[in-house]
Amino acid sequence: MKITARAHTNIALIKYWGKRDEQLFLPMNNSISITLDQFYTTTSVAFRDDLKADSFILNGIEMGGHEVDKISRFLDLIRQTAGRNEYAIIDSVNNVPTAAGFASSASGFAALAAASTKAIGLDYSGSDLSRIARFGSGSACRSIYGGYVEWNKGVRVDGTDSYAMQILEESKWDLSILSVMVEARQKKVLSREGMTHTVKTSDFYSGWLETIDADLNLAREAIHGRDFEKLGTVLERNALKMHATMLGANPPFFYWTGATLDVMHTVQELRDSGIQAYFTIDAGPNVKVICQPKDEMAVKERMQQIQTVREVFVCHPGPGVSYIGE
Ligand code: ADP
Ligand code: DP6
């Protein structure tokens, strides 16, 4: 049976940065994200007994090598759990730029987890899906849910208690999240390699771990209390702290370009002029600017005026995974 599922990307407000177990995708710390309405992946999966290998079509192009291997390794987990051995045809379309810092891996693996488990006949709950999506990409486990989501790092060595939960529904607090694209090229250091290198070598990583619980508490309180200034202040500080751990690595590395700094300065200027806007940046040069819907137009216009900005996409909190055609 062919099953089609859709999952949206998410942007972390309090970042996942570092694994305590690389094989099981277990994070060092909890993270908090918003699922985005405009960026998503739609994936169809059909297991068939006449196939000799998995076939992965991404945006209409048949993938090979490393890309299909990654998908096959993920499907092996599903096949093992279900006690089945058929290969699958996976047809996926990203409504988000791929491998450009817009979290296509998060929506991609969340959609694949939902479609493949159902196609093979597993009856999975949200937390089961979150737990399995984690094995494709850690941040994918948060994309199972809509709105405001927290990934609980868990404490067990087998990782069974490491999965995400919704902390506030998307309809309960509307915010504007502007994805400010300064660069559309593939990134040089993947987040996976970047975080591993940071954990192993950064003089500042201990500072990250010592202060993360305070950041998480502030973010939770701000979300539950709909306190925008409090949330903005902690999310911007947390992002800068994550990037500081990379500057403290050996050898150091960083993802920012001149254009990234242009956007960061402009956000700070907006605040000086009385418009509340805050930025966050993942493992790439693009910036996400977060503001209240009443300021969305003003912030968007200001971002579009920056010479080095290529495009600005506007998102709001979006839904969790869904099945299409049901
Ligand atoms: P991004 O910022 O887009 O998440 P990454 O380099 O972290 O960038 O992840 C990109 C990788 O995610 C791709 O190389 C591919 O392996 C995987 N990916 C992207 N889209 C999909 C999809 N629709 N289904 C499965 N995997 C995907
Ligand atoms: C900076 O989830 O892409 O975006 O688990 O190795 O696939 P893997 O890493 P990934 O890392 C995301 C890092 C981040 C922060 C975040 O999304 O929380």
Side-chain angles (χ1 to χ4, degrees), residues 5-36 39-45 54 56-61 63 65-75 90-116 133-143 149-151 153 162 164 179 181 183-199 208 212 235 238-239 241-243 245-246 255 280-286 288:
R6 177 168 294 168
H8 292 243
T9 66
N10 69 81
I11 172 74
L13 306 175
I14 304 296
K15 307 293 184 188
Y16 148 50
W17 194 243
K19 294 182 183 72
R20 66 177 193 280
D21 185 320
E22 307 230 334
Q23 260 66 50
L24 299 179
F25 287 77
L26 297 178
M28 288 284 202
N29 59 272
N30 284 24
S31 51
I32 294 179
S33 58
I34 306 183
T35 303
L36 303 180
F39 288 153
Y40 55 86
T41 297
T42 311
T43 299
S44 300
V45 178
D54 293 317
F56 175 38
I57 299 154
L58 180 57
N59 297 329
I61 298 165
M63 299 304 212
H66 177 59
E67 285 298 337
V68 73
D69 289 350
K70 263 205 268 188
I71 300 292
S72 287
R73 274 200 302 277
F74 182 79
L75 290 182
I90 304 101
D91 193 346
S92 186
V93 177
N94 282 340
N95 194 61
V96 52
T98 304
F102 287 86
S104 67
S105 53
S107 54
F109 280 105
L112 182 64
S116 61
R134 202 185 77 211
F135 287 88
S137 184
S139 50
C141 82
R142 299 186 306 239
S143 275
V149 178
E150 179 160 359
W151 175 8
K153 67 186 167 82
S162 186
S179 273
M181 188 197 259
E183 183 81 66
R185 275 181 304 168
Q186 194 109 356
K187 47 194 171 183
K188 281 198 269 299
V189 184
L190 298 174
S191 28
R192 191 162 300 176
E193 299 158 8
M195 69 173 80
T196 300
H197 179 63
T198 303
V199 171
W208 168 261
I212 193 78
L235 76 87
N238 184 263
K241 225 189 288 182
M242 179 184 86
H243 287 268
T245 66
M246 306 173 203
Y255 290 102
T280 185
I281 306 164
D282 283 333
N286 297 313
K288 280 87 187 174

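Counting starts at 1 for both ligands and their atoms, in listed order. Count residues from 1 along the sequence. Hydrogens, waters and symmetry mates are skipped; everything else that's a heavy atom, side chains included, is used.
- Side chains of L13 and I34 form a contact here, defined as non-hydrogen atoms less than 4.5 Å apart.
- Here's the thing with A103: one of its N/O atoms is less than 3.5 angstrom from an N/O atom of ligand 1.
- Against a heavy-atom cut-off of under 4.0 Å, F56 is close to the following atoms of ligand 1: 24 (N), 25 (C).
- No side-chain N or O of S31 forms a donor-acceptor pair with one of E150 less than 3.5 Å apart.
- The shortest separation from a heavy atom of T43 to ligand 1 is not under 4.0 Å, leaving the residue out of contact.
- Using modelled atom types, one finds a donor on one side chain and an acceptor on the other under 3.5 Å when comparing S143 with N10.
- Residue-ligand proximity, S92 to ligand 1, at heavy-atom distances under 4.0 Å covers atoms 22 (C), 23 (N), 24 (N).
- The shortest distance between side-chain heavy atoms of L24 and R134 falls below 4.5 Å.
- Near F102, the atoms of ligand 1 lying under 4.0 angstrom from a non-hydrogen atom of the residue are 2 (O).
- Close approach of ligand 1 to E67 is summarised as follows: ligand atoms under 4.0 Å from at least one heavy atom of the residue are 13 (C), 14 (O), 15 (C), 16 (O).
- The ring pair (Phe, Tyr, Trp, His ring centres under 6.0 Å) contacts involving residues 9-28 comprise Y16-W151, where partners must be two or more places apart or lie in separate chains.
- Atom numbering of ligand 1 starts at 1 in the shown order; those under 4.0 Å from a heavy atom of T41 are 23 (N).
- Under a 3.5 Å cut-off, the side chain of D21 and the backbone N or O of Q23 do form a donor-acceptor pair.
- In the vicinity of L58, heavy-atom distances shorter than 4.0 Å reach the ligand 1 atoms 22 (C), 23 (N).
- Among all heavy-atom pairs drawn from T245 and W208, the shortest one is CG2-CB, 3.8 Å.
- Annotation for H243 and D282: closest pair CE1-O, 3.2 Å, computed over non-hydrogen atoms.
- Side-chain atoms of I61 and N59, non-hydrogen and from C-beta on, never get closer than 4.5 Å to each other.
- A search for ring-ring contact (aromatic ring centres under 6.0 Å, His included) contacts involving F74 returns F109, not counting sequence neighbours.
- Judged purely by atom type and a 3.5 angstrom limit, N238 uses its side chain to pair as donor or acceptor with the backbone of K15.
- Classified by interplanar angle (parallel below 30°, tilted 30° to 60°, perpendicular above 60°), the ring pair Y40/H8 is tilted.
- Contacts between L112 and ligand 1 below 4.0 angstrom, taking non-hydrogen atoms only, are absent altogether.
- Comparing F109, F39, F74 by heavy-atom distance to atom 17 (C) of ligand 1, the nearest is F109.
- Within ligand 1, the atoms closer than 4.0 Å to a non-hydrogen atom of L190 are 6 (O), numbered from 1 in the order shown.
- Taking only nitrogen or oxygen atoms, main chain and side chain alike, N94 reaches within less than 3.5 Å of ligand 1.
- Within 4.0 Å of ligand 2, counting heavy atoms only, the contacting residues are A12, K15, Y16, W17, K19, F25, S137, G138, S139, R142, S191, R192, M195, M242, D282, A283.
- Only the side chain of I71 comes within 4.0 Å of ligand 1, counting heavy atoms alone; its backbone N, CA, C and O stay farther away.
- Ligand 1 is never approached by I90 to a heavy-atom distance shorter than 4.0 Å.
- Partners of M63 by side chain to side chain contact (heavy atoms under 4.5 Å, CB included), not counting sequence neighbours, listed by chain and number: F56, L58, E67.
- Counting heavy atoms under 4.0 Å from ligand 1, residue K70 touches it through the side chain alone.
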